[in-house]
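Let me begin by presenting the structure, written as structure tokens, before commenting on it.
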Number of protein chains: 2
Amino acid sequence: MVTNMRAQTKLREKTDKPWNLDEIGQFLGQQGIRPSFHRLKIFEYLINERTHPTADEIYEVLKKEIPAISRATVYNTLRLFFDRKIVQVLNIEKNEARYDATLTWHGHFKCLLCGQVYDVEIESLELSGLDNYQVLEKHLDLKGLCPSCSHKK
Amino acid sequence: MVTNMRAQTKLREKTDKPWNLDEIGQFLGQQGIRPSFHRLKIFEYLINERTHPTADEIYEVLKKEIPAISRATVYNTLRLFFDRKIVQVLNIEKNEARYDATLTWHGHFKCLLCGQVYDVEIESLELSGLDNYQVLEKHLDLKGLCPSCSHKK
DNA sequence: GTTTAATATTGTAATGGTTACAAATATGAG
DNA sequence: CTCATATTTGTAACCATTACAATATTAAAC
């Protein structure tokens, strides 16, 4: 028997309307997460920038606006979001966890030169040998050279 | 345009004949890797056990037979094998790198309870949006509960 | 068989992302 | 306002991996 998994929805586009803080607060509340200012800003960064940042990148960016924020809060909050299943953790490289608030099924491509992570649309995927396995997470990670780094070469 | 990737070959079966040290030595030689005893034993473990071990698991097992072996040698050797492209590194979890000497295209399933890593056959995979991307590595990682751990629950 | 240069291995210190934890702060109910 | 609870902070600890310098082994040349 073969398990057939298809992309259900379109990935978010750069042109999609960004979420505002009110919407984010409402969303976090629905998920049983009290919408503190830090949590709002961290989720806002993830959902609107969609650059698959590391915890440290989020910390560095938010520190400009919220100088008192601490690294521990960023890590705590990201773990909370993951536990509540509103973000996924990407372990493309073993020395850096990246975070993604887009939960629709898609893959990732990391450029080995510039380090950028791109979304990849998965048209279809068929697996076999998974009868009686309970699949809770799926990750498709590609590595290589992105178009602009291919040229540099 | 859609990139279509299919499994080219069957995965190794448990019943396949294990490699002996002579064959491994010959193989390493062909790859330009001098077949020292430690390298032979590390590759033997990877190719014949196929349990996707961590560096430390390999170290602990080989230490019984080669008490003088050091962790650094295991790490050095695994990195050498990866650089020479005869093993792949699995970053299913960010806190542990696992090694796999099977290079035919297949996925991995890690059980969140017992921690075991199983091979998954990929019947087909279609991706889009990768024009002009140069794909050098592909990883499909699943997590969940394996059949026996599903029952325990 | 020695010498010599190159390669492999070892033990340990350092690295760096992440987590643990206890203290300090903020929040919300009564 | 006060208390109990939840959040945030700063720092120390953790731990897999890497760096590195010293030692040992190998292979080739003599």
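Each chain gets a letter, A, B and so on, in the order the sequences are listed, and its residues count up from 1.
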For this session: Could you tell me from which nucleotide to which nucleotide of DNA chain D, 5' to 3', there is an atom under 4.0 Å from chain B heavy atoms?
Result: D:dA16 to D:dA27

Exercise. Where do A:R79 and A:D83 land on the side-chain contact (heavy atoms from CB on, under 4.5 Å) test, with the steps shown first?
Worked result: CA-CA 6 Å; A:R79 182 142 46 121; A:D83 289 343; 3.8 Å; yes

For this session: Could you go through the side-chain contact (heavy atoms from CB on, under 4.5 Å) check for A:R84 and A:L28 one step at a time?
Result: CA-CA 10 Å; A:R84 298 303 178 81; A:L28 294 183; over 6 Å; no

Exercise. Which residue, B:I33 or A:N95, contacts DNA chain C at a nucleotide closer to its 5' end, judged by nearest heavy atom?
Worked result: B:I33

For this session: Taking side chain to side chain donor-acceptor pair (under 3.5 Å) as the test, write out the residues that go with A:H106, two or more places apart.
Result: A:D100, A:H108, A:D119

Problem set entry | Under 4.0 angstrom between A:R79 side-chain N/O and C:dA20 OP1 or OP2 | yes

For this session: Figure out the CG/P separation between A:L78 and C:dG17, and round it to whole Å.
Result: 15 Å

Exercise. So which heavy atom on A:R71 is nearest to which on A:D56, and how close?
Worked result: NE-OD1, 2.7 Å

Exercise. Where do A:C149 and A:C114 come nearest, in terms of heavy atoms and distance?
Worked result: SG-CB, 3.6 Å

Problem set entry | Phosphate OP1/OP2 of C:dT19: any A:Y75 side-chain N/O under 4.0 Å | no

Exercise. Hey, what's the ring geometry for B:F43 with B:W19, parallel, tilted or perpendicular (30° and 60° as the breaks)?
Worked result: tilted

For this session: In whole angstrom, give the distance that lies between atom NZ of B:K41 and atom C1' of C:dA8.
Result: 18 Å

Exercise. Given atom CD1 of B:I42 and atom C1' of C:dT9, what is their separation to the nearest angstrom?
Worked result: 11 Å

Exercise. Can a donor-acceptor pair be found between the side chains of B:S128 and A:E123 at a distance below 3.5 Å?
Worked result: yes

Exercise. Does a donor on one side chain sit under 3.5 Å from an acceptor on the other, for B:S124 and A:E126?
Worked result: yes

Exercise. Taking atom P of C:dG28 as reference, at what distance in whole Å does atom CZ of A:F37 sit?
Worked result: 15 Å

Exercise. Roughly, in whole Å, what's the span from CD in A:E93 to C1' in C:dT15?
Worked result: 17 Å

Problem set entry | Non-neighbouring partners of A:Y133 that pass ring-ring contact (aromatic ring centres under 6.0 Å, His included), sequence neighbours left out | B:F109, B:Y118

For this session: Take atom CG of B:D83 and atom P of C:dA8, then tell me their distance rounded to the nearest Å.
Result: 13 Å

For this session: Go through the steps for A:T54 and A:Y99 under the test side-chain contact (heavy atoms from CB on, under 4.5 Å), then give the verdict.
Result: CA-CA 6 Å; A:T54 63; A:Y99 297 84; 6.0 Å; no

Might you list the N or O atoms of the protein lying below 3.5 Å from N or O atoms in nucleotides 10-13 of chain C, with each pair's distance?
{"from": "C:dT10", "atom 1": "OP1", "to": "B:A68", "atom 2": "O", "distance (Å)": "2.7"}
{"from": "C:dT10", "atom 1": "OP2", "to": "B:S70", "atom 2": "N", "distance (Å)": "3.0"}
{"from": "C:dT10", "atom 1": "OP2", "to": "B:T73", "atom 2": "OG1", "distance (Å)": "2.2"}

Problem set entry | Path from A:Y59 to A:V89 over hydrophobic side-chain contacts below 4.5 Å | yes

Exercise. Under a 4.5 Å cut-off applied to non-hydrogen side-chain atoms, are A:L136 and B:L142 in contact?
Worked result: no

Problem set entry | Residue pair B:N91 / A:K94: nearest heavy atoms and the distance that separates them | OD1-CB, 3.2 Å

Problem set entry | Closest heavy-atom pair and its distance - B:R98, B:H52 | NH1-O, 2.7 Å

Problem set entry | Near-strand residues of residues 48-57 of chain A, defined as heavy-atom separation under 4.0 angstrom from DNA chain C | none

For this session: Just report the end-to-end axis angle for the helix from C:dG1-D:dC30 to C:dG30-D:dC1, five pairs per end, to 10 degrees.
Result: 20°

Exercise. Rounded to the nearest Å, what distance is computed from the CD atom of residue A:E60 to the P atom of nucleotide C:dG17?
Worked result: 11 Å

For this session: Could you pick out which residue, B:R39 or B:K94, lies toward the 5' side of DNA chain C when each is mapped onto its nearest nucleotide?
Result: B:R39

